[in-house]
Amino acid sequence: MSAPFRIEARDPGSRARAGVLRTAHGDVRTPAFVPLATKATVKGLEAREVAELGYDMVLGNAFHLFLDPGHELIARFGGLHEFMRWDGPIITDSGGFQVFSMGHGGVADEIKGRSTGARHSAILAIEEEGVRFRSYLDGSVRFMAPETSMEVQAALGSDLALVFDECTPFHVDRDYTARSTERTHRWLRRCLDWHAAHGPEGQLVYGIVQGGVYEDLRAESTDAVAASGCDGIAIGGSLGGEKEQIYEVVGWTTGRLPDERPRHLLGIGDVDDLIRGVELGIDHFDCAMPTRLGRHGHALVPDPEHRWRVDLSAARWRDSREPILDGCPCPACAGGYPRGYLRYLLKGRELTGQRLVTLHNLAFLARLMADLRGAILAGTLGEVAVALRAGAAPGLNSSAAAS
RNA sequence: UCCGGGGUAGCUCAACGGCAGAGCAAUCGGCUGUUAACCGAUAGGUUGUGGGUUCGAAUCCCACCCCCGGAG
């Protein structure tokens, strides 16, 4: 079949590319951000609303849907697209990250290198065959192997499946990382073999590069994944304790990947990280950040000094009649909802407040990615990236030439 | 006027003779392949007022001042 990924333009000043990823349920314009629909819903939103914000693809999770409601049930509905009423492309995560997360604590601490080590673990055993763990729902003992994950993702009918990996934490030693990465490569082979025999027609498979924060291991893993013949490459694992290290680790991988295949950066979604990721040659990203921040009352705004965030639940907005962001076309801003009203809703834990901020955050990132894509196509990424980093509002500023 | 209940952090309330606490609000911090509409920290007090008993009183006693019920 023809290559599913077509690169339309490259930025001469970086590794950035703009392209189109063709899937069984439509095209994904890249670079793209992919909102999380972990449990078959972008929390708080209808599928239609997510599409209206300009998103081509969402991400579901095999681990969570395996436990509840079960992939067999979703299959009886005709697959995840039908079940959640999203008819665009869907990428499903394999569950590898959840294994890591259950065994080593929260990703936040791990990614930032803050964790002091494993807390209570739901993992009973990580063995060559697969992972035995206790379900967080009912305490029952469950088992997930690479083949299980692929079977679940096949039943879900996602357009793009991720192989089952072990996401190596930050606080394990090099030796553990090396052995874990090698096992992830063997699991990659088993995933591809299962998929070749039983995978649904048209489902793409991405391998996952591991290797922790070790350059040689990342290089080894990058080569192994690239050589495996998978349709695309995802970058996972602990990427480092601080942003500069994350960029360095990502760069090790994108610097040696064959460039015709699409690259996904797992779990990264801060505004500055997205800009940098695109420059490093990443084609799509997923992250809980915009939706989680939204539910927690933090809105994305073009304010680099404050990490592109504003806490709308702060009392100082009590009397504010301003929108979150002047000129923003999202439902919250275009709807005319003043910060004072949003603050009131958020403090009262009203669902509408969380929904509106989630909508705003996703709209913000959609425009950010559209600006970056447009700039690559127009050959102006350098200037646009500078403007965005300096606090230009995505999609609202003439310097960020929209396509 | 009498009877009863009650005055403790900004608010709602615990503690009922032995270091005055919680929830919410406030402030600050955090959230990166979502078990999270979440997590953490800080600040906030002459316990209505004045006396008394006691080694020790928010707590027991007396007086007064407020508030809420009920009776008249």
Side-chain angles (χ1 to χ4, degrees), chain A residues 33-45 58-68 91-102 105-114 120 122 133-139 149 160-168 170 206 208-210 234-243 246-247 250 264-274 276-277 282 284-298 306-309 311 313-316 318 343-358 361 365:
Chain A
F33 179 77
V34 182
L36 295 197
T38 301
K39 302 199 305 192
T41 172
V42 175
K43 294 184 192 301
L45 308 187
V58 297
L59 182 144
N61 187 282
F63 172 84
H64 291 289
L65 297 174
F66 170 61
L67 293 180
D68 181 39
I91 177 172
T92 42
D93 193 5
S94 61
F97 173 78
Q98 279 60 39
V99 166
F100 149 78
S101 183
M102 286 192 299
V107 65
D109 289 341
E110 270 306 331
I111 294 276
K112 301 277 189 184
R114 287 189 301 245
H120 62 83
F133 60 95
R134 222 170 257 292
S135 165
Y136 62 84
L137 290 172
D138 58 11
S149 175
L160 206 165
L162 290 173
V163 300
F164 192 70
D165 64 330
E166 183 189 356
C167 181
T168 56
F170 187 75
Y206 279 33
I208 301 181
V209 173
Q210 289 290 343
I235 301 173
S238 186
L239 302 168
E242 54 182 37
K243 285 172 182 283
I246 290 171
Y247 304 148
V250 170
H264 182 89
L265 181 55
L266 288 160
I268 294 296
D270 279 353
V271 170
D272 48 346
D273 297 342
L274 292 170
R276 190 63 177 274
I282 299 297
H284 38 103
F285 307 80
D286 71 278
C287 192
M289 198 67 83
T291 42
R292 181 184 292 158
L293 282 179
R295 293 193 306 285
H296 294 175
H298 292 245
H306 296 94
R307 304 170 60 211
W308 280 273
R309 301 170 190 186
D311 179 3
S313 60
R316 69 177 187 279
R318 189 186 304 268
R343 186 209 73 91
Y344 151 75
L345 291 178
L346 292 164
K347 291 311 290 187
R349 293 174 168 76
E350 289 289 343
L351 300 178
T352 304
Q354 299 174 0
R355 262 177 48 74
L356 287 169
V357 184
T358 297
N361 286 353
L365 287 193

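Labels below follow one simple rule: chain letters A, B, ... track the order of the sequence lines, proteins then strands, and each chain is numbered from 1.
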Short side-chain N/O contact from [X] to OP1 or OP2 of [N], under 4.0 Å:
X: A:R316; N: B:A26; value: no
X: A:R134; N: B:U35; value: no
X: A:Q98; N: B:G33; value: no
X: A:K39; N: B:A36; value: yes

Taking [Y]'s backbone N and O only, do any of them form a donor-acceptor pair with [X]'s side chain (distance below 3.5 Å, no angle check)?
X: A:D93; Y: A:T38; result: no
X: A:R295; Y: A:Q354; result: no
X: A:H284; Y: A:H264; result: no
X: A:S94; Y: A:S149; result: no

With sugar-phosphate meaning primed atoms plus P, OP1 and OP2, does [X] contact a base, only sugar-phosphate, or nothing at under 4.0 Å between heavy atoms?
X: A:N61; value: sugar-phosphate
X: A:D93; value: base
X: A:R355; value: nothing
X: A:L265; value: nothing
X: A:K347; value: sugar-phosphate

Between [N] atom [atom2] and [X] atom [atom1], what is the distance in whole Å?
X: A:F63; N: B:U35; atom1: CZ; atom2: C1'; answer: 8 Å
X: A:R292; N: B:A37; atom1: CZ; atom2: P; answer: 9 Å
X: A:L293; N: B:A37; atom1: CG; atom2: C1'; answer: 13 Å
X: A:F97; N: B:G33; atom1: CZ; atom2: P; answer: 5 Å
X: A:F170; N: B:G33; atom1: CZ; atom2: C1'; answer: 18 Å
X: A:Y344; N: B:A37; atom1: OH; atom2: C1'; answer: 16 Å
X: A:L67; N: B:U35; atom1: CG; atom2: P; answer: 11 Å
X: A:D270; N: B:C31; atom1: CG; atom2: C1'; answer: 9 Å

For this session: For the pair A:F63 and A:F133, name the ring-plane relationship: parallel under 30°, tilted 30 to 60°, perpendicular over 60°.
Result: tilted
Please give the distance between the [atom1] atoms of [N] and [M] as a whole number of Å.
N: B:A22; M: B:A57; atom1: C1'; result: 22 Å
N: B:G45; M: B:A9; atom1: P; result: 10 Å
N: B:G56; M: B:A71; atom1: P; result: 45 Å
N: B:G30; M: B:C68; atom1: P; result: 46 Å
N: B:G48; M: B:A20; atom1: P; result: 15 Å
N: B:U47; M: B:C2; atom1: C1'; result: 29 Å
N: B:C55; M: B:C67; atom1: P; result: 38 Å
N: B:C16; M: B:G6; atom1: C1'; result: 14 Å

For this session: For A:T358, enumerate each residue passing the side chain to side chain donor-acceptor pair (under 3.5 Å) test, keeping only those at least two apart in sequence or located in another chain.
Result: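 So A:T358 forms no side chain to side chain donor-acceptor pair (under 3.5 Å) with any residue.
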For this session: Applying salt bridge (Lys or Arg N to Asp or Glu O under 4.0 Å), name anything that partners A:D272, two or more places apart in sequence or on another chain.
Result: A:K243
For this session: Please name all residues satisfying salt bridge (Lys or Arg N to Asp or Glu O under 4.0 Å) with A:R349, sequence neighbours left out, ordered by chain then number.
Result: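 With sequence neighbours excluded, A:R349 shows a salt bridge (Lys or Arg N to Asp or Glu O under 4.0 Å) to no residue whatsoever.
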Grab the N/O contacts between the protein and nucleotides 38-40 of chain B below 3.5 Å, and write none if there aren't any.
unit_1: B:C38; atom_1: OP2; unit_2: A:R349; atom_2: NE; d: 3.1
unit_1: B:C38; atom_1: OP2; unit_2: A:R349; atom_2: NH2; d: 3.3
unit_1: B:C38; atom_1: N1; unit_2: A:H296; atom_2: NE2; d: 3.3
unit_1: B:C38; atom_1: N3; unit_2: A:H296; atom_2: ND1; d: 3.4

Seminar exercise, completed: Sorted by chain and residue number, the ring pair (Phe, Tyr, Trp, His ring centres under 6.0 Å) partners of A:F33 (sequence neighbours excluded) come out as none
For this session: Classify the side chain of A:T291 and the base of B:U34 as holding, or not holding, a donor-acceptor pair under 3.5 Å.
Result: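 Side chain to base: pair present.
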Among the candidates [options], find the nucleotide nearest to the side-chain atoms of [X].
X: A:Q354; options: B:C31, B:A37, B:U34; answer: B:A37
X: A:S94; options: B:G30, B:U27, B:G33; answer: B:G33
X: A:R343; options: B:G33, B:A37, B:A26; answer: B:A26

Exercise. If we only count heavy atoms from C-beta on, is the A:L67 to A:Y136 side-chain gap below 4.5 Å?
Worked result: yes
For this session: Taking only Lys NZ, Arg NE, NH1 and NH2, and the carboxylate oxygens of Asp or Glu, determine whether A:R309 and A:D270 approach each other closer than 4.0 Å.
Result: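 Salt bridge present between A:R309 and A:D270.
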Seminar exercise, completed: Correct closest heavy-atom pair for A:C287 and A:L36 would be O-CG, 3.6 Å
Exercise. Which residue lies toward the 5' end of RNA chain B, A:Y136 or A:R318, if each is placed at its nearest nucleotide?
Worked result: A:R318
Problem set entry | Along RNA chain B (nearest heavy atom to each residue), the more 5'-positioned of A:L351 and A:G269 |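 Nearest-nucleotide comparison on RNA chain B picks A:G269.
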For this session: Treating a pair as Watson-Crick (purine N1 to pyrimidine N3 plus N6-O4 or O6-N4) or G-U wobble (N1-O2 and O6-N3) with both distances under 3.5 Å, list the stems of 3 or more consecutive pairs that involve RNA chain B.
Result: B:1-7 with B:65-71, B:10-13 with B:21-24, B:26-30 with B:38-42, B:48-52 with B:60-64
